[in-house]
Every structure is written in structure tokens, then in C-alpha cells.
Undergrad: 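Please see the structure below; I have some questions.
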Amino acid sequence: MKRTTLSMPVGRLATALALCFLLASCAVYTPPNPQISNVVNPAALPGAARTADWDIGAVRYQWQGRGLNYYNAGLFPVLLLVSNHSGRYPVIYAQECRGIGVGGAEYAPYSVDQAAELVFASTAYQKSAEAAVVGGLTGAAVGAGLGALIGSGFNHGWGAGPGALIGAGAGALGGAALSQQPSMDQYRASLYQEMGTYAWRPSPVPPGGLMPGYLYFPVSAGVHSLRVIVHAENQVQTFIIPVDMPVW
């Protein structure tokens with residue numbers, strides 16, 4: 001089993017968190033809304049696991065042509081979706097999930113801090129940040145790479161259903177972009193906020209609820225499937241979920 005370990009210096013993490021608080025005081029926008037209604041129900045995905053209690057699917061991130069391309073920054077985000085149609089409260093822990101890559105090698109997902117460190121060290125991030133700052137880009141041109149995929153489903157489907165959840169209940173705020181020209185620090189904070197807001201959280205999925213959230217892997221791993229462990233009361237189930245392309 002392969003596991004990549006990264007660490008973020010305390011000072012750098014503190015700075016990132018401080019910038020997130022700064023960003024929260026700025027105007028934000030709701031991510032763009034491409035039509036991906038089929039992703040709302042994970043059972044509609046070709047590789048989904050369908051059981052009497054819940055459906056589990058996985059969709060790979062797809063760059064929308066604006067803001068940072070996470071693939072070019074070395075990150076492979078996979079959107080995990082769980083729809084619960086039982087009377088129980090299943091929980092999935094990110095640290096127990098594994099991405100299955102080339103040759104069957106398994107990879108533990110990055111934490112948000114580890115994913116952020118990888119992204120911020122990339123040339124793609126530097127170029128994207130410079131384009132936003134020097135070019136005076138605002139709004140949708142700044143970010144929302146992850147938020148575009150989740151935001152559309154949440155705003156046009158998940159939010160209307162019973163028990164709909166997103167991450168830790170942050171709503172459709174993640175992937176925040178400034179309404180005015182950002183500084184380099186603000187651009188960095190916006191991406192850090194986006195990765196944190198939309199990361200998978202170990203929150204119980206209530207009856208009738210739908211939970212989406214990203215797991216982050218190295219793009220070099222060639223992840224094509226997820227190993228997912230579901231905890232519900234005294235029961236533990238393991239599923240292998242192929243990573244599908246989003247349906248637009």
C-alpha cells in the first residue's frame with residue numbers, strides 16, 4: 001500500500017487560516033451552475049454501488065476552463081456521493097478510504113492541508129494566481145473549480161430534498177471568488193477555502209439525505225476507483241466504486 005505523507009508548517013497553516021477569515025469578510029459569489037442533474041442521484045452513475053439501504057457513487061473533478069486547473073497543480077479530486085434511503089445513519093471516514101490506481105496500488109487521500117501544500121507549490125498555481133492578480137480577474141474567472149460541480153447539484157436538486165447536506169453544512173459558499181481584483185494572498189485563501197469547504201466530512205448521512213464531498217489524491221497515482229468503508233450501527237460494509245466522469 002502506498003501512502004504519500006505531506007506536512008504544512010504551522011506558520012504557513014496559520015497564515016492560510018487567517019487569510020480565510022479575511023476572505024470571509026469580502027463579497028463572494030455563488031459558483032456557476034452547469035447542468036449535471038444526473039449526478040444528483042448517485043444511483044444514476046454507471047459505476048455506482050446500489051443497495052437496499054444506500055447508493056454510493058464517485059465522479060472525477062472536471063476543470064471548467066476558468067480559475068486553477070487542479071489536475072495541472074498535481075491534484076486529483078474525486079467527488080464521493082452517498083444517498084441514504086434507509087432509516088439508519090451511515091458514516092464514511094476519509095482516512096479509511098483508498099484510491100485504487102495503476103497496478104492496483106492504493107493511496108490514502110490527502111488531508112486538506114496536504115492537498116493545499118501540493119497545490120500551492122505547483123507552477124500551475126503560481127501562473128493562475130498571477131493571471132488573476134495581474135490580469136485583474138474577478139468573479140467566476142478567479143476560482144470555483146470544485147464549487148462548480150457541487151454547487152450546481154446543491155442549488156438545483158440536493159437543496160430541495162429532505163436531509164440534503166454538503167460537507168459540514170457550509171452550503172454553496174465554497175469556491176469563493178472575490179467580487180473585486182484579488183491580491184495574491186486573497187487568491188491563495190480563496191483556493192484554501194474551496195478545498196476545505198468541499199472536502200468529504202465524516203458526518204452521518206440522515207435518512208433521506210444526500211452527502212457529497214471531495215477526496216484528494218495525487219494526479220500521478222492514476223486513481224480509477226475508490227475503496228469505501230461504510231459504518232452503520234454495528235455493521236461495516238466495504239465497496240469498490242469506479243470513478244465516473246460527470247454527466248453534463
Undergrad: Is the closest side-chain donor-acceptor distance between Glu96 and His231 under 3.5 Å?
TA: yes
Undergrad: Would you say Trp200's side chain and Ile92's backbone share a donor-acceptor pair under 3.5 angstrom?
TA: yes
Undergrad: Checking side-chain polar atoms at under 3.5 Å, does Glu194 have a donor or acceptor matched by the opposite partner on Tyr214?
TA: no
Undergrad: Using the side-chain hydrogen bond (donor to acceptor under 3.5 Å, both in side chains) criterion, which residues pair with Gln235? Sequence neighbours excluded.
TA: Arg88
Undergrad: Locate the shortest heavy-atom distance separating Gly99 from Val223; write the atom from each residue and the value.
TA: CA-CG1, 3.9 Å
Undergrad: Where do Tyr125 and Phe120 land on the ring-ring contact (aromatic ring centres under 6.0 Å, His included) test, with the steps shown first?
TA: CA-CA 6 Å; Tyr125 161 75; Phe120 295 152; 5.0 Å; yes
Undergrad: Spell out, as yes or no, whether a donor-acceptor pair under 3.5 Å connects the side chain of Tyr216 to the backbone of Val112.
TA: no
Undergrad: Is there a donor-acceptor contact under 3.5 Å from the side chain of Ser190 to the main chain of Tyr187?
TA: yes
Undergrad: Is NZ or CZ of Arg60 both nearer than 6.0 Å to the six-membered ring centre of Phe76 and within 45° of the ring axis?
TA: no
Undergrad: Using modelled atom types and a 3.5 Å cut-off, is there a donor and acceptor pairing between side-chain atoms of Asn72 and backbone atoms of Ala124?
TA: no
Undergrad: Determine, stepwise, if the pair Val230 / Ile56 fulfils side-chain contact (heavy atoms from CB on, under 4.5 Å).
TA: CA-CA 10 Å; Val230 180; Ile56 306 174; 3.6 Å; yes
Undergrad: Ignoring hydrogens and angles, tell me if any N or O in the side chain of Gln114 forms a donor-acceptor pair with the backbone of Ser111 under 3.5 Å.
TA: yes
Undergrad: Could you state the interatomic distance from NE2 (His224) to CD1 (Ile241), rounded to the nearest 0.5 Å?
TA: 13.5 Å
Undergrad: Test your reading of the model: is there a side-chain donor-acceptor pair from Asn84 to the backbone of Val205, 3.5 Å cut-off?
TA: yes
Undergrad: I need the minimum non-hydrogen distance between Ser83 and Pro42, along with the two atoms involved.
TA: CB-CG, 3.7 Å
Undergrad: Main chain of Tyr198, side chain of Arg201: is a donor-acceptor contact present, judged purely on distance under 3.5 Å?
TA: no
Undergrad: Under 3.5 Å, is there a donor-acceptor pair between the side chain of Arg50 and the main chain of Ala43?
TA: yes
